[in-house]
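Only this structure's heavy atoms are used, side chains among them; waters, hydrogens and symmetry mates stay out. Below, chains carry the letters A, B, ... as their sequence lines are ordered, and counting in each starts from 1. Since the model is a prediction, treat every value here as computed from it, not as a measurement.
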2 protein chains.
Amino acid sequence: MKPGFSRCNNATLRRAARSLGRFYDDALAPAGLKGTQFGLLFQIHVGSEPTMGDIAEALIMDLSALGHTLKPLIRDGYVETFADKDDRRVKRVRLTPRGEVKLSEAIKLWSIAQQRFEDKVGAEQAAKLRAALDAVADLDLEMPTAAPSN
Amino acid sequence: MKPGFSRCNNATLRRAARSLGRFYDDALAPAGLKGTQFGLLFQIHVGSEPTMGDIAEALIMDLSALGHTLKPLIRDGYVETFADKDDRRVKRVRLTPRGEVKLSEAIKLWSIAQQRFEDKVGAEQAAKLRAALDAVADLDLEMPTAAPSN
DNA sequence: TCTATTTAGTGGCATATGCCACTTCCGCGA
DNA sequence: TCGCGGAAGTGGCATATGCCACTAAATAGA
């Protein structure tokens, strides 16, 4: 088997994610953001003051992981949280003005990387790949429970 | 735009990786291994006492990241390292007998998850997806340097 | 042969992610 | 209205990954 060409879907996916992640990270570096942070800011931006749970669900991310990832962004003043008016358990999230500016700046850098990628693989192919990845992400793979019929 | 369906190739890839990663992690949990650890043990297993650099290259992983990731596996006695005979800078890696046993155990669990995945998306489609991901991983995306012609 | 350069890893620091235990709230039922 | 079970987050702990600065060792040159 050629090096790096595993039959494991998970290993292959992670390998590609590491590779592509570095590329986008490099592209965003001038803005001082990582690819994940950019994605998170964007997700908050397009949402309507989403709750932590909303974001975690959209990104298929563990709620606590989201909390951790949000911390540096809050610390740097790009994001702020506030309690929901009706349910005090719920915490909503939004970008600060500073965060909006940073996001705009980052989008310019992201566009370059995104364009570069699409030039290499083709916009069609890229769209197909994203569709396939979204399909995989949304698969219900839960292992059938021992006794699902009781 | 529907939630979670980003145009960003990197964000989409990471999202799918989180999703699939959890599935494989769950499947491997009985063996006490994470998906990444399984992949790493396997890579070491199929190699011929690979060097740190060999592994890092095959997995498109930062050399220092590999070192970090290897630590728990060494601590748990699944992997051991030794200096190369001819080049004292080089560190080679291999599984311990205990590591071989653990890998066998993990492969059984992995097969179930892998099979489940392939049942859901189809073996053909899975193979195509892996091929696409390998292609993406191996793309040369380096941003053209300002002055590549000097 | 001696030195400048390159190569292979390490250690420290920071972010990315998850799981689990725990706290706080909300809502429902007795 | 009291109290219990479920929902939403937090904090702690552990692994996953990267970058950077630094050390040690091999190598190309002068």
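At whole-Å resolution of the value, CG in A:Leu73 and P in C:dT17 are 12 Å apart. Across the protein-nucleic acid pair, A:Arg75 atom CZ and C:dT15 atom P stand 5 Å apart, rounded to whole Å. Look at CG on B:Leu20: it is 15 Å from C1' on C:dT17, rounded to the nearest Å. Rounded to whole Å, atom C1' of D:dA8 lies 15 Å from atom CG of A:Asp86. What separates CG of B:Asp54 from P of C:dT7 is a distance of 15 Å, to the nearest Å. Nucleotide D:dT17 holds its P atom 13 Å from the CZ atom of A:Arg15, rounded to whole Å.
Under 4.0 angstrom from either OP1 or OP2 of D:dT17 there lies at least one side-chain N or O belonging to A:Arg14. For D:dG11, the OP1/OP2 oxygens have a side-chain nitrogen or oxygen of A:Lys71 closer than 4.0 Å. One finds no side-chain N or O of A:Thr69 lying less than 4.0 angstrom from the OP1 or OP2 phosphate oxygen of C:dT15.
The side chain of B:Thr36 lies closest to D:dA16, out of D:dC19, D:dA16, C:dG18. Checked against D:dA16, C:dG9, D:dG11, the side chain of B:Lys34 finds its nearest nucleotide in D:dA16. Residue A:Asp62 places its side chain closer to C:dG18 than to any other of D:dA16, D:dG18, C:dG18. In the set C:dG18, C:dT15, D:dC19, C:dG18 carries the atom at the smallest distance from any side-chain atom of A:Ser64. Residue A:Arg89 has its side chain nearest to D:dA7 when only C:dG9, D:dA16, D:dA7 are considered. Side-chain atoms of A:Val90 lie closest to D:dG9 of the nucleotides D:dT15, D:dT17, D:dG9.
Taking 4.5 Å as the limit, some side-chain heavy atom of B:Asn9 sits within range of a side-chain heavy atom of A:Gln114.
For the pair A:Arg88 and A:Met61, nearest-nucleotide mapping onto DNA chain C gives the more 5' position to A:Met61. Each of B:Ile60 and B:Asp76 lies near DNA chain D, and the nucleotide nearest B:Asp76 is the one positioned closer to the 5' end. Across the interface with DNA chain C, nearest-nucleotide mapping of B:Leu63 and A:Gly35 shows B:Leu63 to be the residue nearer the 5′ end. If A:Gly53 and A:Asp25 are placed on DNA chain D by their nearest nucleotide, the residue sitting closer to the 5' end is A:Gly53.
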Inset, instruction - Please step through side-chain contact (heavy atoms from CB on, under 4.5 Å) for the pair A:Leu59 and B:Arg18, ending with a clear verdict. - result: CA-CA 9 Å; A:Leu59 299 182; B:Arg18 281 191 294 270; 3.6 Å; yes

Inset, instruction - Output, in order, the C-alpha distance, side-chain angles, deciding distance and verdict of side-chain contact (heavy atoms from CB on, under 4.5 Å) for A:Tyr78 and A:Val101. - result: CA-CA 9 Å; A:Tyr78 300 143; A:Val101 170; over 6 Å; no

Inset, instruction - Using the salt bridge (charged side-chain N to carboxylate O under 4.0 Å, His left out) rule, take B:Arg15 and A:Asp138 through it: C-alpha gap first, then chi angles, then the decisive distance, then the call. - result: CA-CA 10 Å; B:Arg15 179 169 175 272; A:Asp138 294 332; 3.2 Å; yes

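Using a 4.0 Å heavy-atom criterion, one finds that A:Asp87 contacts the sugar-phosphate atoms exclusively. Note on A:Arg92: nothing from the nucleic acid sits closer than 4.0 angstrom, heavy atoms only.
Using modelled atom types, one finds a donor on one side chain and an acceptor on the other under 3.5 Å when comparing A:Thr51 with A:Asp54.
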